[in-house]
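For reference, positions follow the sequence shown, starting with 1.
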Amino acid sequence: MKPKILLVEDDQDLGMVLKQYLEFSDFEVNWIANPEEILKNKKQIDQYQLAILDVMLPVIDGFELSKEIRKTSDIPFLFLTAKGQSIDRILGLKLGADDYITKPCEPEELILRIKNILKRQQNSTKAIIKLGNYSFIPSQFQLLFNDETTQLTEKESELLLLLSKNNQKIINRKEILETLWGENDYFLGRSLDVFMTRLRKYFQKDERIKFDSVRGIGFKVEFPE
């Protein structure tokens, strides 16, 4: 079965080119130019394996659209925009985007990024991982503490899974960035810091758990065994 992709792009020429290229690359694509159609039928979002959202959309921009989608779906999404400003890139990643690509982009690069996202999804484990007094369910992006459930974004879940596999070891920033985002980039590094701050807050109820920054290298996380 072909992976189904939701493409939200108001530029008619670009939308047609991307749709044709994605279909040529063995994806099933539903191209929508008006984001209001998504808002009217949010329940249908889960039929897709991935959403590609243009940031500069009419009526509601891609960032706001992603927030609406997240209210009912955990579908991974990728931002597509002609704006190269760092603030847009950081904002997109803060919203939980799985990737971000700037127009004009090479179709081959877009396909590669899509395949990487889908591969990470398929490789997610269904196991429950004990982290101190917390239980982590990677496949559901959930962190449990007693009767409390914290719903993580997919990127937060991927980062936590990577850190848990390197428990009590120093892990290099470059390794994290290249593993989760596919590149070592200054602005992605700033976004990584935001994700680490979030994870620290999620685990603050177990004082034994440590999220330490190792200056000039990366991070060291300690979960009690």
Can you tell if the side chain of Glu156 reaches within under 4.5 Å of the side chain of Glu158, non-hydrogen atoms only?
no
Would Ile69 and Leu39 show up in the same hydrophobic cluster when neighbours are defined by side-chain heavy atoms closer than 4.5 Å?
yes
Does Leu192 reach the side chain of Leu159, with side-chain heavy atoms less than 4.5 Å apart?
yes
Strictly below 4.0 Å, N to O, side chains only: are Lys2 and Asp26 in salt-bridge contact?
yes
Does the distance from a Lys or Arg side-chain N to an Asp or Glu carboxylate O, for Arg113 and Glu183, drop under 4.0 Å?
yes
Is it the case that atom CD in Glu207 sees more than 12 heavy atoms from other parts of the structure closer than 6.0 Å?
no
Within-4.5 Å side-chain heavy-atom neighbours: Asn172 and Phe219
no
Nearest 0.5 Å, please: how far is CG in Leu131 from CD1 in Ile128?
11.5 Å
For the pair Arg173 and Asp193, find out whether any cationic side-chain nitrogen is under 4.0 Å from an anionic carboxylate oxygen.
yes
Output for pair (Leu110 CG, Lys115 NZ), nearest 0.5 Å, gives 11.0 Å
Test of understanding: clusters of I, L, V, M, F, W, Y form through side-chain heavy atoms closer than 4.5 Å, transitively. Do Met16 and Leu22 belong to the same one?
yes
Salt bridge or not for Asp206 and Arg208, using N-O below 4.0 Å?
yes
Assess, by modelled atom type and distance only, whether the side chains of Lys4 and Gln47 contain a donor and an acceptor separated by less than 3.5 Å.
yes
Distance, nearest 0.5 Å, that separates OG of Ser66 from CD1 of Ile38:
12.5 Å
Decide whether a cation-pi geometry holds between Arg198 and Phe195; the criteria are a distance under 6.0 Å from NZ or CZ to the six-membered ring centre and an angle within 45° of the ring axis.
yes
State which residues pass ring pair (Phe, Tyr, Trp, His ring centres under 6.0 Å) with Tyr134; sequence neighbours excluded, sorted by chain then number.
Phe145, Phe203
Any salt bridge (charged side-chain N to carboxylate O under 4.0 Å, His left out) pairs touching residues 134-146, not counting sequence neighbours?
none
Ile217: hydrophobic cluster co-members (side-chain, 4.5 Å)
Ile170, Val214
Under-4.0 Å salt bridge between Lys205 and Glu148:
yes
Are Leu50 and Ile117 close enough that some pair of their side-chain heavy atoms sits under 4.5 Å apart?
yes
Answer yes or no: is there a side-chain heavy-atom contact under 4.5 Å between Leu65 and Leu57?
yes
Min side-chain heavy-atom separation Leu80-Leu18 under 4.5 Å:
yes
What I want to find out is whether Lys40 reaches Glu36 closely enough, with some N-O distance under 4.0 Å, to be called a salt bridge.
no
Establish, from distance only, whether the side-chain atoms of Tyr48 and Glu28 form a donor-acceptor pair under 3.5 Å.
no
Spatial distance of atom OG1 (Thr150) from atom CD (Gln142) [nearest 0.5 Å]
9.5 Å
Less than 4.5 Å apart, side chain to side chain, heavy atoms only: is that true for Leu163 and Ile171?
yes
Euclidean distance, Ile32 CD1 relative to Asp54 CG, rounded to 0.5 Å:
13.5 Å
Taking the six-membered ring for Trp, are Phe79 and Phe77 parallel (under 30°), tilted (30 to 60°) or perpendicular (over 60°)?
perpendicular
Side-chain heavy-atom pair Val8, Trp31 within 4.5 angstrom cut-off:
no
Straight-line distance of Trp181 CH2 to Lys155 NZ, nearest 0.5 Å
5.5 Å
